[in-house]
2 protein chains.
Amino acid sequence: MGSPLPRDPIADAQRNWERHGWGEVAAPMAAITAIMRTQQILLARIEGVLKPFGLTFARYELLALLSFARSGALPMNKASALLQVHPTSVTNAVDRLEKAALVVRSPHPTDGRTTLIELTAEGRTLAKRATTALNNEVFGQSGFGDDDVEHLIRVLGDFRKAAGDFTD
Amino acid sequence: MGSPLPRDPIADAQRNWERHGWGEVAAPMAAITAIMRTQQILLARIEGVLKPFGLTFARYELLALLSFARSGALPMNKASALLQVHPTSVTNAVDRLEKAALVVRSPHPTDGRTTLIELTAEGRTLAKRATTALNNEVFGQSGFGDDDVEHLIRVLGDFRKAAGDFTD
DNA sequence: TCCAAACCCTTGGATGTCCTAGTATATTGC
DNA sequence: GCAATATACTAGGACATCCAAGGGTTTGGA
């Protein structure tokens, strides 16, 4: 999107915060802003790897989730809960995946309100290939050291738990 | 969006990765997924605080950036570079901020290609009020410990630098 | 039994992000 | 000096996310 900046804009923001008497919260502000930016970078990498497969991250996540379900199928509301996104986002993703013949919608056997999302054979194959690509090109080269990875998992796990993501 | 899950879905994903022979990259995958989810949570909190001000995070960031510029004005391309977003995203944000009379577009004095974004008095006031709210309600209660904040700033800073965000 | 409340999914709308052009203005190089 | 290249912004389109509403299905209490 652009060439590297001469200075870290987030560090600058932190200095600005301190300069304006908000020193107390300057560091958390910087950390949070860094998380936002890191997410943006990671998402771009992931989308870049998935593009050749005709997938976006949202669709890939759903595909991967289904591929781990014992039966290869999940109710939409279950998928929404596990992916932690709004139900309408799942509807959107399923619409597109279904058009691509990677999943199929089927009625729930006992609950007429519920719709099951089912992986097709092509969907399962594509999920596997996409996962391999992501593992090789993104997760396997994250750039984070092993210790930092462990630390991130712990710190962000605590944060997510405190935010009400899960009980455990 | 939903009640807490009984188990951490990211930890489950990590176990699934290991179970499928991708143990080498399971941890980075979990860390990256956690970053994505954490960003989602933080963004929701921030947007919640900004909503009463009629602002979104994208618009607030631009407003805050301008409020720190010495002259209260910046060329659009400069803003795009500093915020690390696509130029069209800045166009979009400026359109809306201008409709709200928080900024004004003005021609660059010497370069006819460039457009300056200028903070209005209301824009400056609103930026200040919104910043106070964010500091009190989000950054001041991030939930991250001081040590974790320092660690995040360092680790994510290294990551962003390696990703080519800045030279420094 | 039966109706109200709860739940599930979808549609429509608002935002934001990116990409791909297209237009206008500057700079460069011959 | 002028053409070719580079830069700056914007228009249009594809996607994703959320919220608000609406229609169908279940559940539960009177």
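Sequence lines set the chain letters: A, B, ... in the order given, protein chains first and strands last, and positions in each chain run from 1. All of these numbers come straight from a predicted model, not from anything done at the bench.
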**Prompt:** Hey, are A:K161 and A:D168 close enough for a salt bridge, meaning a charged N less than 4.0 Å from a carboxylate O?
**Reply:** no
**Nearest-0.5 Å distance that lies between atom CE in A:M29 and atom CH2 in A:W22** = 9.5 Å
**Complete:** Taken to the nearest whole Å, CD1/A:I46 to C1'/C:dT17 is 16 Å
**Message:** If you only use heavy atoms from C-beta on, which nucleotide in D:dC15, C:dC9, D:dT17 is closest to the side chain of A:R96?
**Reply:** D:dC15
**Asked** Which of the following nucleotides, D:dC9, C:dT11, D:dT17, is nearest to the side chain of B:T91?
**Response** D:dC9
**Item:** Donor-acceptor pair under 3.5 Å, A:T88 side chain vs C:dC9 base
**Value:** no
**Proximal nucleotide (of C:dC18, C:dA26, D:dC9) relative to the B:R113 side chain** = C:dA26
**Message:** From CD of A:Q84 over to C1' of D:dA16, roughly how many Å is that when rounded to an integer?
**Reply:** 17 Å
**Request:** Would you kindly compare A:H86 and A:T110 by the position of their nearest DNA chain D nucleotide and give the one closer to the 5′ end?
**Result:** A:H86
**Message:** Both A:K51 and A:D111 contact DNA chain C. Taking the nearest nucleotide for each, which residue is further toward the 5' end?
**Reply:** A:D111
**Request:** Pick base, sugar-phosphate or nothing for A:Q40, based on heavy-atom distances below 4.0 Å to the nucleic acid.
**Result:** sugar-phosphate
**Fill in**
Closest to the side chain of B:N92, out of D:dA8, C:dG16, D:dC18, is C:dG16
**Complete:** Of the candidates D:dA8, D:dA16, C:dT11, the side chain of A:R59 sits closest to D:dA16
**Prompt:** Between D:dA16, D:dT10, C:dA26, which nucleotide has the shortest distance from any of its atoms to the side chain of A:T56?
**Reply:** D:dA16
**Message:** Below the 4.0 Å mark, does D:dC9 have OP1 or OP2 next to a side-chain nitrogen or oxygen of B:N77?
**Reply:** yes
**Prompt:** Which part of the nucleic acid, if any, lies within reach of B:D95 when heavy atoms closer than 4.0 Å are counted: base, sugar-phosphate only, or nothing?
**Reply:** nothing
**Item:** Nucleotide D:dT17, atom P - distance to CZ of B:F57 in whole Å
**Value:** 18 Å
**Between C1' of C:dA14 and NZ of B:K99, the distance in whole Å** = 13 Å
**Fill in**
From CG of A:L42 across to P of C:dC18 the rounded distance in Å is 14 Å
**Request:** Return the orientation label for the A:W17 and B:F139 ring planes: parallel under 30°, perpendicular over 60°, tilted otherwise.
**Result:** perpendicular
**Item:** Spacing between A:L83 atom CG and D:dA16 atom C1', to the nearest angstrom
**Value:** 13 Å
**Message:** Let me confirm one number: the CD1-CZ distance from B:I10 to B:R37, rounded to the nearest 0.5 Å.
**Reply:** 8.0 Å
**Interatomic distance where CG belongs to A:L55 and C1' belongs to D:dC15 [whole Å]** = 13 Å
**Request:** Identify which nucleotide among D:dT10, D:dT25, D:dA8 has an atom closest to any side-chain atom of B:M76, counting heavy atoms from C-beta outward.
**Result:** D:dT10
**Complete:** Considering only heavy side-chain atoms of A:A58, the closest of C:dT10, D:dA16, C:dC7 is D:dA16
**Request:** Using a cut-off of 6.0 Å, state whether more than 12 heavy atoms not belonging to B:R7 lie near its atom CZ.
**Result:** no
**Message:** When you measure from the side chain of B:Q84 to the backbone of A:Q40, do you find a donor-acceptor pair of N or O atoms at a distance under 3.5 Å?
**Reply:** no
**Request:** Measure the distance from NE2 on B:H108 to P on D:dT7 and round it to the nearest whole Å.
**Result:** 16 Å
